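Just so it is clear, the model here is predicted, and its values are computed rather than measured. Within every chain, numbering begins at 1; the chains are lettered A, B, ... in the order of the sequence lines, protein sequences first and strands thereafter.
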Number of protein chains: 2
Amino acid sequence: MIYGVNKMASKERIQRLKDETRINILDAALQIVKEEGWQALSMRKIADVIEYTAPIIYEYYANKEAILLELARKGYLLLAKDLRAAHEQHALPDKQLEAMWLAYWNFAFANKELYQIMFGVTTNCCCEEINKLEEAVMPWDLFTDVIGKVMHIEDPSSDLICTKYYTFWSVVHGLVSINLLSRGSSDEINRQVLTDAIVGIIRSIKPD
Amino acid sequence: MIYGVNKMASKERIQRLKDETRINILDAALQIVKEEGWQALSMRKIADVIEYTAPIIYEYYANKEAILLELARKGYLLLAKDLRAAHEQHALPDKQLEAMWLAYWNFAFANKELYQIMFGVTTNCCCEEINKLEEAVMPWDLFTDVIGKVMHIEDPSSDLICTKYYTFWSVVHGLVSINLLSRGSSDEINRQVLTDAIVGIIRSIKPD
DNA sequence: TAAATCATTTAACAGTGTTAAGCAAATATA
DNA sequence: TATATTTGCTTAACACTGTTAAATGATTTA
């Protein structure tokens, strides 16, 4: 009986180690990508970092794509968190909306590699799989809610709200993408484009 | 002497065949990409299509990247042509600007694969190399010229023009990217976002 | 102590881009 | 015409890639 308890504890300890390895794999992958870019990521390099051989990884992730997918998932959760935090920091819908898109912008550059795989910027991101991820989605409800409030529209499924949401998203994602391609202009122009667009769209959607 | 002439003609014939093979390689590559996507493109597959073995390709292109680069270059030339055509079809700067961005939009979906490699949408496009390409650039002069006319600004190097140019580009490229990721909405909403944005920006930049 | 399970590695396969060596036909030279 | 030389092309190889199966050695179970 005493042994039974020890056995349980041992199993738990082993489980904890396994959980840790699962995390280590993700961390190693992200570290490699940050140092050498997405193209340089390989199973054997991950194995090197976590001090195992490559086949071990397949006991934690079905394949390489599953690792990319998990990193993307992590990215979406992080982005959603940032967006909700930005939302909560303001009371006025106008300010909430502005803060959310600024948070989106900041997320993209603070987590460049995650952004790349989340939205396929200069990397082939197993798109179809990502589109199936539940979490791999912008916090749509949050945006439509705030946009609706700014526009004073009740129906959150309105095409008008949808149109405005995509207008915001397009301009911000577009500017992010262009900059991640090193095709952007100065920081000053970026700031100008970003705030002009956000403020401009908000003003244009307000009922006169 | 007669032989000398024949020799020349023979050399020219051989050169023509070589030129043709160089083109065939590009065509084969694009064909494969259109059928199976960028990720499926390989030197051996190209060789299969042109009915040679893989090492032959290296007599025409330094490496795989050089092929991608050449395809991107072709894309930029094609896009520039479309944009200039759109420009020429109108007299009023407002209409010219609108037509140009609509042409950009149409190009993206008519040449999806080229657009992907030109702007790194869901594919790793040897970015740095592309940024060094002379032709790999939007017809900046054309855009700034037209935008300047709409704004009634003389100085084409104005930061204001630059800002507006990036605003246009961001929203259009962003919307294209989102749709190439299958993250877009309906065609109707796309049209709405696109024309609303273009018309909206034009209106906003016109001197009151 | 013997059997069974587990963790981990080595070896292998099919694919990738790329280069070097080889071969056979066409051409140039004597 | 006979002999070199160049040309066009292929086969073989290298170092990678993701991935799987077999082998090994330690740990746990009976």
* Quick one: does B:Ile46's side chain get under 4.5 Å of B:Ile67's, heavy atoms only? ->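 Yes. Closest side-chain heavy atoms under 4.5 Å.
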Rounded to whole Å, please give me the gap between [atom1] in [X] and [atom2] in [N].
X: A:Ile50; N: C:dT8; atom1: CD1; atom2: P; result: 10 Å
X: B:Leu17; N: D:dT7; atom1: CG; atom2: C1'; result: 14 Å
X: B:Ile57; N: C:dT19; atom1: CD1; atom2: P; result: 13 Å
X: A:Ile46; N: D:dC16; atom1: CD1; atom2: P; result: 17 Å
X: A:Ile32; N: D:dT17; atom1: CD1; atom2: P; result: 10 Å
X: A:Ile56; N: D:dG18; atom1: CD1; atom2: P; result: 16 Å
X: A:Tyr52; N: C:dC6; atom1: OH; atom2: C1'; result: 12 Å
X: A:Glu51; N: C:dT9; atom1: CD; atom2: C1'; result: 15 Å

* Structure fact -> Under a 4.0 Å heavy-atom criterion, the protein footprint on nucleotides 11-18 of chain C, written with B, S and -, is -B---BBB
* Using the ring of each side chain (for Trp, its six-membered ring), is A:Phe143 parallel, tilted or perpendicular to A:Tyr165, with breaks at 30° and 60°? ->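 If you compare the ring of A:Phe143 with that of A:Tyr165, the planes turn out tilted.
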* Give me the ring orientation class for A:His173 and A:Phe119: parallel if the planes are under 30° apart, tilted from 30 to 60°, perpendicular past 60°. =>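 Aromatic pair A:His173/A:Phe119 classed tilted.
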* **Steps toward side-chain hydrogen bond (donor to acceptor under 3.5 Å, both in side chains) verdict (B:Tyr60, B:Tyr52)** => CA-CA 12 Å; B:Tyr60 296 89; B:Tyr52 279 108; 5.7 Å; no
* Does a side chain donor of either A:Asn179 or A:Asn190 reach within less than 3.5 Å of an acceptor in the other side chain? ->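 Looking only at side-chain atoms, A:Asn190 and A:Asn179 do form a donor-acceptor pair, the distance falling under 3.5 Å.
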* **B:Asp19/B:Gln15 under side-chain hydrogen bond (donor to acceptor under 3.5 Å, both in side chains): CA gap, chis, key distance, verdict** => CA-CA 6 Å; B:Asp19 292 350; B:Gln15 187 55 47; 2.9 Å; yes
